[in-house]
Amino acid sequence: EKGGYDHFMLKEIYEQPSVIKDTYRGRLLANEGIIKLGGLEDHIQKFVNANRIIIVACGTSWHAGLVAEYIFEDWARIPVEVEYASEFRYRNPIITEKDVVIAISQSGETADTLAAIKLAKQKGAFVYGVCNVVGSSISRETHSGTYTHAGPEIGVASTKAFTTQITVLTMIALKLAKVKGTISQANYMQHLRELELIPSHVEEALKSDEKIRAIADVFKDASNFLYLGRGYNFPVALEGALKLKEISYIHAEGYPAAEMKHGPIALIDEHMPVVVIAVNSNHYEKVVSNIEEIKARKGKIIAVVTEGDTTVKELADFIMEVPKTTETLSPLVTTIPLQLLSYYIAVMLNRNVDQPRNLAKSVTVE
Ligand code: M6R
């Protein structure tokens, strides 16, 4: 059942090239410049006329929502707020009929997310679901939605659900941007094509498996980790830290790289491994200076870089390479080495990788 892998988590990490493809298959026709999402077509005006989009989710799904915030605002020019479902539901939030709420959930059973949906519906908002489990409570409670096609995710640590959620949210953003006319035709076409290349890029990123295992061996006894990223890769830093803490029980924090100097930099010394996402982007130079600041304080740098990178390679103690894609789509590839790093650290520490202590696959109580 684990398909020859030691754990479901590793199997699910390795399934990502094929499930990302399953998620866009029949929905993305790159050559024709078409995106067809059944659940969206009938309700597109709700999105186009929305004052704002509110994304509600928990855990890893909330991180996918944060990535989506950057993508939606950039391409579709719709204001987006991303909310922890548990906070949103108890805050007496301002919700109107002009709001569209997107609920993201792998299991479709998360109690807080379900309650947030019910509240949003009562207030007259249009509620759209991005779920993996067909027929789940959230998929039934939402007005419409798009399924991710990740297949069953057994490992408690969410991996393929995250990348397929981003795939769906990227398609929604592209479709809306196209309908609203807020994206150039060239950018639209380029991203349809780039999205089709993601499975092969993920495949390529997975080839660093052995190198990552060696890095895991160096750092497995650390008691803390810091994860830094900027822009589209800030949520990836949060996700990398969550993955490490939940399966290895090592304390880890994710931060936007620029926030480092507002506090966390005080933690940095020769015992602190810092994972920095430093792929090609508009922020590259700024991330390089963040790396220099860490180095000056003797922090150990593990950097995720674009293949062929030379600048960061010289500064970092270890690098994990990923193939080049656009900055917008980069979270789909930068996530992969971070999943493997936490997996191997947890295995080396003899943790129960697929069923970490105190955690359940779906959190059906608040
Ligand atoms: O099923 P959901 O996507 O609604 O679950 C949300 C979180 O409980 C989930 O992502 C959790 O944080 C994972 N264990 C993270 O790996």
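Position 1 is the first residue of the sequence, and the numbers go up from there. All ligand and atom numbering here is 1-based and tracks the order in the structure. Quick note: numbers below take in every heavy atom, side chains included, and nothing from hydrogens, waters or symmetry partners. For clarity, every value in this text was computed on a predicted model and none was experimentally measured.
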Legend entry - Contact atoms of ligand 1, heavy-atom distance to S61 under 4.0 Å: 2 (P), 3 (O), 10 (O)
Inset, instruction - Could you tell me which atoms of ligand 1, counted from 1 in the order shown, lie closer than 4.0 angstrom to a heavy atom of K243? - result: 15 (C), 16 (O)
Would you say [X] touches ligand 1, if touching means a heavy atom closer than 4.0 Å?
| X | answer |
| --- | --- |
| E109 | no |
| L359 | no |
| A157 | yes |

Inset, instruction - Determine whether the aromatic ring centres of Y255 and F234 lie less than 6.0 Å apart. - result: no
Inset, instruction - Would you confirm whether the ring centroid of Y343 sits within less than 6.0 angstrom of the ring centroid of H7? - result: yes
Inset, instruction - Could you walk me through whether Y128 and H143 pass the ring-ring contact (aromatic ring centres under 6.0 Å, His included) test, one step at a time? - result: CA-CA 6 Å; Y128 201 84; H143 293 117; over 10 Å; no
Minimum-distance protein heavy atom relative to [atom]:
| atom | value |
| --- | --- |
| atom 9 (C) of ligand 1 | T60 N, 4.0 Å |
| atom 16 (O) of ligand 1 | E246 OE2, 2.4 Å |
| atom 8 (O) of ligand 1 | V363 CG2, 4.0 Å |
| atom 5 (O) of ligand 1 | T110 OG1, 3.5 Å |
| atom 12 (O) of ligand 1 | G59 CA, 3.3 Å |
| atom 7 (C) of ligand 1 | C58 O, 3.7 Å |

Inset, instruction - Report, as yes or no, whether the 6.0 Å neighbourhood of atom CD on E270 holds more than 12 heavy atoms from other residues, nucleotides or ligands. - result: yes
Inset, instruction - Flag yes if more than 12 heavy atoms outside K180 fall under 6.0 Å of its NZ atom; otherwise flag no. - result: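 More than 12 heavy atoms, drawn from other residues, nucleotides or ligands, come within 6.0 Å of this atom.
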Legend entry - Y249 six-ring face occupied by R357 cation (under 6.0 Å, within 45°): yes
Inset, instruction - Quick one: name the residues clustered hydrophobically with F88, using the 4.5 Å side-chain heavy-atom rule over I, L, V, M, F, W, Y, and just say none if it's on its own. - result: I54, V56, I95, V101, L114, I117, L119, V127, I138
All N/O donor-acceptor pairs, side-chain side in residues 167-175, below 3.5 Å, sequence neighbours left out:
residue: T167; atom: OG1; partner: T163; partner atom: O; Å: 2.8
residue: T170; atom: OG1; partner: I166; partner atom: O; Å: 2.6
residue: K175; atom: NZ; partner: I35; partner atom: O; Å: 2.9

Legend entry - Nitrogen or oxygen atoms of I104 and ligand 1 under 3.5 Å apart: no
Legend entry - N/O separation below 3.5 Å, K361 to ligand 1: no
Inset, instruction - Inspect the contact between D209 and R213 and indicate whether a charged nitrogen and a carboxylate oxygen are less than 4.0 angstrom apart. - result: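 Looking at D209 together with R213, the answer is yes, because their closest N to O distance falls below 4.0 Å.
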